[in-house]
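The structure appears right after this line, and notes come after that.
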Amino acid sequence: MNWKIYEAKQKFSELIDASVAEPQLIYDRDKLVAAVVEAEIFQEFLVWQQQHRKPSLADAFAQLRQICAEENYNLEVPAREDRANSFLDSLCDISL
């Protein structure tokens with residue numbers, strides 16, 4: 001069923017009860033702003049979302065740190081060195 005925000009506020013108990021049978025969609029000026037679903041469906045969605053989540057670069061580094069810690073490995077990072085920047089050098093050669 002579709003609800004307008006003011007209806008959803010006024011009939012909140014009905015909204016919750018109806019969500020057991022089917023998702024309840026809440027609109028604000030013909031724009032979908034929320035959906036109320038049964039808790040079990042939401043839990044299934046969270047499991048699905050976790051299973052289909054693409055790992056980020058941060059996740060990969062966290063996993064690498066964990067592996068290094070488990071294997072007592074110390075990852076040595078060399079000191080940073082500045083590199084030549086030909087683009088910047090060409091700008092310095094231009095006289096105004």
Side-chain angles (χ1 to χ4, degrees):
M1 180 175 176
N2 296 342
W3 298 78
K4 294 181 180 170
I5 288 182
Y6 73 89
E7 292 174 329
K9 287 179 183 179
Q10 291 175 347
K11 300 179 181 180
F12 186 71
S13 294
E14 288 180 40
L15 172 74
I16 298 300
D17 292 340
S19 71
V20 174
E22 65 180 347
Q24 302 298 301
L25 306 178
I26 302 173
Y27 288 85
D28 182 19
R29 297 186 187 129
D30 298 326
K31 179 182 176 191
L32 180 63
V33 294
V36 179
V37 297
E38 184 180 9
E40 185 177 328
I41 292 173
F42 183 67
Q43 291 296 330
E44 291 172 5
F45 167 74
L46 291 177
V47 169
W48 176 87
Q49 184 183 41
Q50 188 65 28
Q51 290 172 347
H52 291 83
R53 183 177 157 264
K54 292 182 181 178
S56 67
L57 184 58
D59 293 332
F61 278 118
Q63 186 178 14
L64 178 61
R65 281 192 297 275
Q66 182 179 356
I67 292 170
C68 288
E70 289 171 359
E71 296 186 8
N72 199 25
Y73 182 80
N74 187 14
L75 185 62
E76 294 182 26
V77 179
R80 183 178 174 140
E81 295 179 16
D82 288 335
R83 298 180 295 184
N85 184 334
S86 58
F87 178 74
L88 183 60
D89 293 340
S90 68
L91 289 178
C92 291
D93 291 341
I94 299 173
S95 59
L96 298 175

Can you pull the salt bridge (charged side-chain N to carboxylate O under 4.0 Å, His left out) pairs that have at least one residue in residues 46-62, sequence neighbours excluded? Arg53-Asp59
What are the two closest heavy atoms between Val37 and Pro23, and how far apart are they? CG1-CB, 3.8 Å
Looking at every non-hydrogen atom in both residues, tell me the closest pair between Ala35 and Leu25 and how far apart they are. CB-CD2, 3.8 Å
Rounded distance [0.5 Å steps], OH in Tyr73 versus CG in Leu64: 9.5 Å
Heavy-atom check, side chain of Val47 versus side chain of Gln51, under 4.5 Å: yes
Using a cut-off of 6.0 Å, state whether more than 12 heavy atoms not belonging to Gln63 lie near its atom CD. no
Measuring from Tyr6:OH to Ile26:CD1, what's the distance to the nearest 0.5 Å? 13.5 Å
Which of Met1, Glu7, Gln24 passes side-chain contact (heavy atoms from CB on, under 4.5 Å) with Leu15? It is Gln24
Please determine whether the number of non-hydrogen atoms from other residues, nucleotides or ligands lying under 6.0 Å from atom CD of Glu40 exceeds 12. no
Step through the shown structure and confirm whether more than 12 heavy atoms of other residues, nucleotides or ligands are within 6.0 Å of CG on Asp89. yes
Same cluster or not: Val20 versus Val36, using hydrophobic residues (I, L, V, M, F, W, Y) connected whenever any side-chain heavy atoms lie under 4.5 Å apart? no
Closest contact, heavy atoms only, Leu32 versus Tyr27: N-CD2, 3.4 Å
Separation between CD of Gln50 and CZ of Phe45, rounded to the nearest 0.5 Å: 11.0 Å
Just verifying a value: how many Å separate Asp17 CG and Lys11 NZ, rounded to the nearest 0.5 Å? 13.0 Å
Between atom CD of Gln49 and atom CZ of Phe42, what is the distance when rounded to the nearest 0.5 Å? 8.0 Å
